[in-house]
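The block underneath contains the structure these notes are about, expressed in structure tokens.
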Amino acid sequence: MEYQKNQNVIVTIEDMGMNGEGIGRIDGYTLFVKDAIVGDTVEAGLTKVKKTYAYARLIRILTPSPDRIEAPCAVHKQCGGCQIQALSYEAQLKFKQNKVRNDLIRIGGIGRDVLDEIMEPIVGMGKAHTLRYRNKAQYPVGSDKDGKTVAGFYAARTHAIIATEDCLLGPEENRRIVDTVLTHMEHHGILPYDEKSASGTVRHIMIRKGFQTGEIMVCIVINGEKLASSEKLVDNLKAVEGVKSIYLNVQKKQTNVILGSENILLWGEETIRDTIRICDAKNDFSPTQECLHYALSPLSFYQVNPVQTERMYSQALQYADLSGSETVWDLYCGIGTISLFMAKGAKRVIGVEVVEQAIADAKENAKRNGIENVRFIAGEAETVLPAYYEGKEDTAFCHPDVIVVDPPRKGCDEKCLQTMAQMEPDRIVYVSCDPATLARDIKYLCERGYALKRVRAFDNFPQTVHVETVVQLINQNANAKHHVKIRL
Ligand code: SAH
């Protein structure tokens, strides 16, 4: 049958795609239906028709999926932030576990039987904690169609602002902070920034909270160096419990990059503090007595879900399987969070990160925790690692027993992977925020002497399609060498 745009069809959703869209089939023809979930039977209106597939919008649900729940947020469909709020939490976890598993099979070439044996169950958040988990929010500020100043979130794939002062993923204080800034703007005639004309002042409100310490940083991103009557705004903001630091961030460029490089401290501390506890990854991730302290400035990268972060890092530490004698490289180390975890159990750790400021923060963080067996190098992983391997630098220092990587979504550069394999560390621990690129990189390493031994997914982003994964790869050649030695 030929399908046409605007035609309505009835379809049962059998699967969910990368972006949380429902996938259904009619006679082999595939439909991608936004806002429909696995198990729903829906009426869908075709919006874009291709030869073998079509995109469609949900018109009505005829039979709801047993996994369908009432989404907690009123704007979940318009806002681009959450994609799967209407899915029960158990089903969200199942979706993410399957996503990692399927990518490892399809892209990584890992056998199903292997995964049945080595893949551990996904670590979720506990049903009562699947909202209010994010420690960082960035609200764009703009005008609605009536010219009223609003803050909220971008609608999926656009820059239209959906007004929502209370995003359910962030802490409750955010609402009061956003409201205080908007009221100040109204009283003093301060205009929001307009992307089209590059005029107006306030672009974003960034709020960051240390969940362990309760300390809050507010950062108002403006298109200039001054905000009218900012001392009055400071007075109102510091009345919000927890607020310890208030900044202006200057971003004058016409760009999607939220923060500019200049920060002006209006009031309070330069940084807020947070603590990450080392958890017992062998049992139920209960926190141990050991923890690490971090200072956060407006520009530092920091994981957004503190509860899951400590579990995930503790898992990475367990997969590194350190005895105290190892040299560990931590590539893509950010502000040294994972490096400092590893330093507790290793002889020495070398962290590599491309952002210079993050390296400066990493060094400060090491000092703050009294950790001396770490060294941080600013540069690209794919440049720094080969330079050491090829003996251009300090070779005695460099041989890794364990390499940890935690790259951005695009995964590791091939040159980096190639050098990792050539350096033959006994173990590689890969922390990933994108299962597809993780699977691609695992395939590369498995073709060069490594075997996938452990996989565990972590749900750091409930209500969204994102998932983190930690895996352990073991050098098969090293094992072979080891066996020979034992036999001799
Ligand atoms: N491990 C850290 C940071 C992970 S995010 C943590 O958990 O906090 C990924 C980091 O990789 C970012 O800090 C980013 O700046 C850095 N990065 C991106 N490309 C890089 C490259 N080619 N070489 C080294 N670091 C890179």
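In this chain, residues are counted from 1 in sequence order. Every heavy atom of this structure was used, including side-chain atoms; hydrogens, water molecules and symmetry mates were not. Just follow the structure's listing: the first ligand is 1, and inside any ligand the first atom is 1.
Proximity of L340 to Y294: side-chain heavy atoms (C-beta onward) are separated by under 4.5 Å at one or more points.
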Problem set entry | Derivation of the side-chain contact (heavy atoms from CB on, under 4.5 Å) call for L473 and I442 | CA-CA 8 Å; L473 294 142; I442 286 177; 4.2 Å; yes
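Side-chain contact, N365 with R368: a donor N or O sits under 3.5 Å from an acceptor N or O. Side chains of N249 and N263: a donor-acceptor N/O pair is present below 3.5 angstrom, by distance only. Y430 and D441 form a side-chain donor-acceptor contact under 3.5 Å, judged by distance and modelled atom types alone.
Just one of S245, S297, P298 meets the side chain to side chain contact (heavy atoms under 4.5 Å, CB included) condition when paired with I272; it is S245.
Using a heavy-atom distance under 4.0 Å as the criterion, the protein contacts of ligand 1 are F301, Q303, Y313, Y332, C333, G334, T337, I338, E353, V354, V355, G379, E380, A381, E382, D406, P408.
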